[in-house]
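The residues of the chain are indexed from 1 along the displayed sequence.
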Amino acid sequence: MKTESSAWSLLHERAAQCLRPGLADRVLRATRQRAEAFPSLLSQFVVGAMTAAACFGAVAFLAQHQTASAATPTVQSGWQEIASATSADPDLGP
C-alpha cells in the first residue's frame with residue numbers, strides 16, 4: 001500500500017473505534033423527528049397571508065381615521081362661517 005493510503009485506512013479504523021454502533025440509525029431517526037416538528041410549507045404560507053391581511057387592515061383603519069380627523073376641523077370651520085353669516089343677516093335669522 002502507498003503511504004497515503006495506509007494513513008487514511010489507519011485514520012478510518014481509529015475513527016470507527018471511537019463511534020458507537022448504530023450511529024447512522026440514530027442520526028437518521030433524530031433527523032426525521034426534527035423534520036416532523038417543523039411546520040409545513042402550507043401552514044407557513046397561511047400564517048404569512050394572515051399577517052399580511054392584518055397589516056393591510058391596520059393600515060386601512062389608520063388611514064381612514066387620519067382622513068376623518070383631518071377633515072373635522074375643515075368641516076367645523078365651514079359650519080362656523082355659515083352660522084356667523086346666518087346670524088349676521090337679519091333676513092335669515094329668527
Side-chain angles (χ1 to χ4, degrees):
M1 274 191 173
K2 295 182 184 176
T3 309
E4 185 177 338
S5 298
S6 63
W8 278 111
S9 75
L10 181 62
L11 285 173
H12 187 268
E13 289 173 15
R14 286 188 183 168
Q17 292 172 358
C18 294
L19 299 175
R20 293 184 303 175
L23 174 70
D25 292 331
R26 289 192 308 273
V27 169
L28 290 175
R29 195 175 319 120
T31 303
R32 287 184 188 123
Q33 288 174 351
R34 287 192 181 128
E36 292 171 1
F38 287 109
S40 68
L41 184 61
L42 178 64
S43 65
Q44 289 179 357
F45 178 75
V46 169
V47 169
M50 290 173 58
T51 304
C55 290
F56 178 75
V59 167
F61 174 76
L62 290 174
Q64 179 66 27
H65 180 69
Q66 287 179 347
T67 303
S69 298
T72 302
T74 306
V75 170
Q76 287 179 349
S77 67
W79 279 110
Q80 287 175 350
E81 288 177 20
I82 292 171
S84 64
T86 305
S87 64
D89 191 358
D91 294 337
L92 296 175

Among Ile, Leu, Val, Met, Phe, Trp and Tyr joined by side-chain contacts under 4.5 Å, find the other residues sharing a cluster with Val46 and list them by chain and number.
Leu42, Met50
Mind jotting down which residue pairs meet the side chain to side chain donor-acceptor pair (under 3.5 Å) criterion with at least one end in residues 18-29? Sequence neighbours excluded, please.
none
What residues, two or more places apart in sequence or in another chain, satisfy side-chain hydrogen bond (donor to acceptor under 3.5 Å, both in side chains) together with Ser43?
Ser40
Step by step, would you call Trp8 with Leu11 a side chain to side chain contact (heavy atoms under 4.5 Å, CB included)?
CA-CA 5 Å; Trp8 278 111; Leu11 285 173; 4.2 Å; yes
Tracing side-chain contacts under 4.5 Å among Ile, Leu, Val, Met, Phe, Trp and Tyr outward from Phe61 reaches Leu62
Which hydrophobic side chains are connected to Leu10, either touching it within the sub-4.5 Å cutoff or through other members that do?
none
To the nearest 0.5 Å, what is the distance between CZ (Arg14) and OG (Ser9)?
10.5 Å
Show which residues join Leu23 in its hydrophobic cluster (side-chain heavy-atom contacts under 4.5 Å, direct or indirect), or state none.
Leu19, Val27
